Amino acid sequence: MKEFNRDRNGGRRRAGFSGMIAGVGIVCATTSINAMAHYDDADYDYTSLEGGVRFVPGTGAEIDFVYRRTDGDYKNLQVNGPDGLPLLTGPRSSDFDQDALLMRVSYRPTEDSRLAGRIGYTKRSYDVDSSRDFSGLTTGFDIEWAQSGAVQMLVSVARDIEPDDSAITASYADAKSFAVRPTIQATGKIKLTPFFQFVDRTFKGEGSAGERKEKFYAYGIGANYEIRRNLNAVFDLRREERNANVDSLDFDANIVSAGIVARF
């Protein structure tokens, strides 16, 4: 399987004032491009614009109120589902508009620990076939701490809603996830990031087809080598497994990726 991803080509501008309670304006524009050699239906351009306000009371806490608008443009009509079978409804456009409201709260009890939470509401509307539209509450919580001088731990739990692009007629998936991602500073230039992720998905809107469920696992290790300042070599080795109550949607994959990251 070959996959090409280019993400977060954008900019961020902030302006504000200082005082007892600092208010900071947030503006962020991002573009995501995805092209899969084996599955042209999934080629897309996502363009997002985010705006909001950040409050910094001066107690180690930061509070963000954010609105995010995303426009999704798919290059081809979707003909097949990820199971490889033709869509029962025939070819369809997956173009969409999505609006999200989000409150994020982050607090640092110490210099090397952090507590962070988020709660929000997301609504996605498709240009064609409104039966695929969905909306709902999203939440998440992260805790980060220093296990030792060279090891930083991150544990995350979340509840999100995700689109379903398969041939089965669910409009969205209710996803509950848990992840552990330690960061290990092996040497002055080498950083290792082993990880484990579990996602429990329940697909909504199946109608007479019955409720579809799946459990997804991803685990592996990443490595980052600093070639020089602002230039890093990255490597990722992972295994992914999906166990569904629809046998044709089960899969497992071993994925290896490598690249160069330059910061300007």
Side-chain angles (χ1 to χ4, degrees), residues 5-34 44-73 95-127 133-146 152-163 171-181 183 193 195 197 199 230 261-264:
N5 289 284
R6 184 168 71 244
D7 199 3
R8 283 181 277 190
N9 298 319
R12 182 183 294 266
R13 294 185 301 167
R14 297 178 180 176
F17 59 89
S18 59
M20 184 64 68
I21 298 180
V24 181
I26 302 172
V27 177
C28 180
T30 64
T31 298
S32 300
I33 300 171
N34 185 77
Y44 63 71
D45 292 348
Y46 287 179
T47 302
S48 298
L49 181 64
E50 179 180 301
V53 177
R54 170 172 295 170
F55 296 98
V56 186
T59 58
E62 294 182 354
I63 304 171
D64 295 353
F65 296 93
V66 176
Y67 167 75
R68 182 186 299 122
R69 171 75 175 191
T70 302
D71 292 324
D73 179 22
D95 294 354
F96 68 87
D97 297 322
Q98 180 170 301
D99 298 289
L101 293 172
L102 185 66
M103 182 180 75
R104 298 184 294 232
V105 179
S106 177
Y107 173 66
R108 287 192 173 276
T110 64
E111 290 185 359
D112 53 11
S113 64
R114 182 176 66 93
L115 304 174
R118 61 178 173 85
I119 185 169
Y121 183 83
T122 297
K123 179 178 180 181
R124 177 177 291 199
S125 301
Y126 286 89
D127 295 355
D133 296 354
F134 63 84
S135 59
L137 189 71
T138 61
T139 61
F141 178 76
D142 298 339
I143 179 171
E144 184 176 358
W145 73 97
Q152 191 80 9
M153 294 291 297
L154 174 63
V155 176
S156 303
V157 294
R159 187 266 180 174
D160 291 295
I161 52 175
E162 305 170 347
S171 61
Y172 71 96
D174 184 338
K176 300 177 179 66
S177 63
F178 169 80
V180 179
R181 182 180 290 269
T183 299
T193 52
F195 62 88
Q197 181 188 26
V199 185
N230 297 332
V261 177
R263 297 178 178 87
F264 301 97

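Keep in mind it's a predicted model, so treat the numbers as computed, not measured. For the numbers below, each heavy atom of this structure counts, side chains included, while hydrogens, waters and symmetry mates do not.
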Enter the distance from [X]:[atom1] to [Y]:[atom2] here, rounded to the nearest 0.5 Å.
X: L49; Y: T70; atom1: CG; atom2: OG1; value: 9.0 Å
X: L101; Y: T138; atom1: CG; atom2: OG1; value: 9.5 Å
X: I161; Y: K123; atom1: CD1; atom2: NZ; value: 11.5 Å
X: T193; Y: L154; atom1: OG1; atom2: CG; value: 11.0 Å
X: L137; Y: T122; atom1: CG; atom2: OG1; value: 8.5 Å

Below 4.5 Å, heavy atoms only, C-beta onward: do [X] and [Y] meet side chain to side chain?
X: F96; Y: D71; value: no
X: F141; Y: V155; value: no
X: R68; Y: L102; value: yes
X: R54; Y: I63; value: no
X: D64; Y: M103; value: no

Query raised in the report: In terms of side-chain geometry, is the basic nitrogen of K176 or E162 positioned less than 4.0 Å from the acidic oxygen of its partner?
Result: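 Between E162 and K176 there is no salt bridge, as every charged N stays at least 4.0 Å from the carboxylate O atoms.
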Requested in this report: Could you tell me whether the side chain of Q152 and the main chain of S113 form a donor-acceptor pair under 3.5 Å?
Outcome: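 A pair under 3.5 Å: no.
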Requested in this report: Specify the closest pair of heavy atoms between Y126 and P163, including all atoms of both residues, with the distance to one decimal.
Outcome: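 Heavy atoms of Y126 and P163 come nearest at OH-CB, 3.4 Å.
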Query raised in the report: Between A175 and V199, which heavy-atom pair has the shortest distance, and what is it?
Result: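 For A175 versus V199, the nearest heavy atoms are CB-CG1, 3.9 Å.
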**Report entry** Criterion salt bridge (Lys or Arg N to Asp or Glu O under 4.0 Å) on D174 and R159, from CA distance to verdict
**Finding:** CA-CA 7 Å; D174 184 338; R159 187 266 180 174; 3.0 Å; yes
Requested in this report: Say whether S135 and Y121, considering side chains only, have a donor N or O and an acceptor N or O under 3.5 Å apart.
Outcome: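 Yes, side-chain donor-acceptor contact under 3.5 Å.
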Query raised in the report: If you measure only the distance, is there a donor-acceptor pair under 3.5 Å linking the side chains of D142 and S156?
Result: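 A pair is found: one side chain offers a donor N or O, the other an acceptor, under 3.5 Å apart.
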Query raised in the report: What do the steps show when you test R118 against E62 for salt bridge (Lys or Arg N to Asp or Glu O under 4.0 Å), and what is the final call?
Result: CA-CA 12 Å; R118 61 178 173 85; E62 294 182 354; over 6 Å; no
**Report entry** Cation-pi geometry met for R124 and F134 (6.0 Å, 45°)
**Finding:**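 Geometry flag: not set, cation outside 6.0 Å or 45°.
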Requested in this report: May I have the step-by-step check of salt bridge (Lys or Arg N to Asp or Glu O under 4.0 Å) for D99 and R69, ending in yes or no?
Outcome: CA-CA 5 Å; D99 298 289; R69 171 75 175 191; 3.0 Å; yes
